[in-house]
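Contents: one structure, followed by commentary.
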Number of protein chains: 2
Amino acid sequence: MLNDPMVLTPIAGAPRAEPEKRVRDRGATEKAILKAAKALLAEEGFQNFGINAVARRAGCDKQLIYRYYGGLNGLVEAIGADLGTWVKDKIPEDTGGMFLLTYGDLMERLSLLFLEALRDDPLVRRIVAWEVSENTEQVRRLSEARSKALATWLERMRGSLTPPKGVDVVAVNAILIAAIQHLVLSASAGGQCAGLALKTAKDWDKAATALKRIVRGVYG
Amino acid sequence: MLNDPMVLTPIAGAPRAEPEKRVRDRGATEKAILKAAKALLAEEGFQNFGINAVARRAGCDKQLIYRYYGGLNGLVEAIGADLGTWVKDKIPEDTGGMFLLTYGDLMERLSLLFLEALRDDPLVRRIVAWEVSENTEQVRRLSEARSKALATWLERMRGSLTPPKGVDVVAVNAILIAAIQHLVLSASAGGQCAGLALKTAKDWDKAATALKRIVRGVYG
DNA sequence: CCGATTTGTCACTCATCGGTGAGTAACAAC
DNA sequence: GTTGTTACTCACCGATGAGTGACAAATCGG
């Protein structure tokens, strides 16, 4: 009932003004799309994250996103795949010349490392914000990938150190991680958290000191 | 299914199929709008929060929202006004028969109260999620109202108890609040936080115990 | 060289959004 | 009644969202 396919098409060879020599390379285009999606998510957040925006940013047609990734879901999944290696990439393995003798030593260091890493990764920050704001399949995938990576990282860093007896380490660590994540998100969104300013380096020093004190309090 | 632009409605006085006895009462309408907005925000989150949705839910025309509240901003502001009394309404004043001898006693109790209160207030939960996801004028207003109310509440509950020397209470408390908020948000969105399940009452008991331990650790 | 497939572009539908101008229905005072 | 004000509804606008089918052009297999 709509356009008759045979009718239109005036003259096919319409002269394109400036046909920029665009190389046809599927692999490169796929990478460009993924890169654009990550950058967009990092800069704009999940609010304005959509097919059109990604296509615009990637400088290609949105149709290609459907073709190559099967839509937004697939694209998000591809982002999630990268996320698996986040901690590995972002957080140094070595102990910075310190001797980590106790579990408390370890967790103090890891807390600060995690805080740092999160603080300068806008993409992951946005994803965390997304995680606590929505509960769609997309987000669940991202969240799962992230938390799994985090857990294995924590486990690997623990090494042979044994946590103190009688403490629910999983629960305590979850709370510590929650605190760090929310602190960074709050700061990123409004520059403060529960009355604590979080803008200058000095502000962050105070936060880090308080965090250390808390970790030390619970893990000795 | 809605209006077809081609169908001519002869006279604007379109026949309402059901002559719902709609009372003309500006005050009531305003309240209905506000109520609809809060319910919508609580249930759907800020994602689908807009003029059209609120009007639809309130069962009135969106024009009235512009007229009575000056648009979404004004409406959000009205919601924020209610938020000022949140803690007062939600959290009991009395100490539950306990003697709060130390600052640690107090903060342990307040932490748990805050956790509880946040856990069963979907509206405030959504607002907190909003706070960490966006940075618009709207959200800033809400955030400010909430954090101010929280601060004065904390101050008032402190009474004559003096916090331990040498501890940056503002920073430490901010981190505790951050932890609680993120914990509840995570649970609400995905039923878990950093590998810690947060669904059953038992799960929450574990979280509460861990939280108590942390508070005790830092405040003795 | 030719035909088929891949790669990319365009044009379109349909839905919904925020926002506005213009109109109608109830009600009170005269 | 008539008039004026208040409360409310409707129809439309431009913009933008996701999604789809058709087609041009580059590339490849032969």
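Note on naming: letters A, B, ... go to the chains in the order of the sequence lines (proteins, then strands), and numbering restarts at 1 for each one.
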Legend entry - For the student: nearest non-hydrogen atoms of B/C193 and A/A178, plus distance: SG-CB, 3.9 Å
Legend entry - Geometric class of the A/W153/A/F114 ring pair [parallel <30°, tilted 30-60°, perpendicular >60°]: tilted
Legend entry - A/G50 vs B/D25, nearer the 5' end of DNA chain D by closest nucleotide: B/D25
Legend entry - B/T29 side chain near D/dA7 phosphate (N/O to OP1/OP2, under 4.0 Å): no
Inset, instruction - Please state whether the base of D/dA26 and the side chain of A/R24 form at least one donor-acceptor pair under 3.5 Å? - result: no
Legend entry - B/E43: which of B/K38, B/R126, B/R57 passes salt bridge (charged side-chain N to carboxylate O under 4.0 Å, His left out): B/R57
Legend entry - Among D/dG21, C/dG19, D/dC10, the nucleotide that comes nearest once only the side chain of A/Q63 is considered: D/dG21
Legend entry - Nucleotide D/dG17, atom P - distance to CZ of A/R57 in whole Å: 15 Å
Inset, instruction - Using only side-chain N and O atoms of B/N52, determine if any of them is under 4.0 Å from OP1 or OP2 of C/dG18. - result: yes
Inset, instruction - Examine C/dG18: is either OP1 or OP2 under 4.0 Å from a nitrogen or oxygen in the side chain of B/R56? Give yes or no. - result: no
Inset, instruction - Check whether any side-chain heavy atom of A/D120 lies under 4.5 Å from a side-chain heavy atom of A/K90, and answer yes or no. - result: yes
Inset, instruction - Select from B/R26 and A/L72 the residue whose nearest nucleotide in DNA chain D is closer to the 5' end of that strand. - result: B/R26
Inset, instruction - May I ask you to test the B/L150-B/V87 pair for a side-chain heavy-atom distance under 4.5 Å? - result: yes
Inset, instruction - Whole angstrom is fine here: how far is it from NZ in A/K62 over to C1' in D/dT20? - result: 9 Å
Inset, instruction - Find the distance A/L75:CG to D/dA18:C1' and express it as a whole number of Å. - result: 14 Å
Inset, instruction - Would you mind telling me which of D/dC10, D/dC8, C/dT7 lies closest to the side-chain atoms of A/R67? - result: C/dT7
Inset, instruction - Would you tell me if any nitrogen or oxygen in the side chain of B/Y66 comes within less than 4.0 Å of OP1 or OP2 on C/dG19? - result: yes
Legend entry - Gap between atoms CD and P, on B/E44 and C/dT16 respectively (whole Å): 14 Å
Inset, instruction - Establish, with yes or no, whether the OP1 or OP2 oxygen of D/dC8 is under 4.0 angstrom from a side-chain nitrogen or oxygen of B/Y68. - result: yes
Inset, instruction - Report the distance from atom CG of B/N48 to atom P of C/dA15, rounded to the nearest whole Å. - result: 18 Å
Inset, instruction - Would you mind reading off the distance between B/I65 atom CD1 and D/dC8 atom P, rounded to a whole angstrom? - result: 12 Å
Legend entry - Atom-pair distance (CG on A/L64; P on C/dC10), nearest Å: 11 Å
Legend entry - Of the listed nucleotides D/dT9, C/dG18, C/dT7, the one nearest the side chain of B/I51: C/dG18
Legend entry - Nearest-Å distance for atom pair CG/P, residues B/D61 and C/dA22: 16 Å
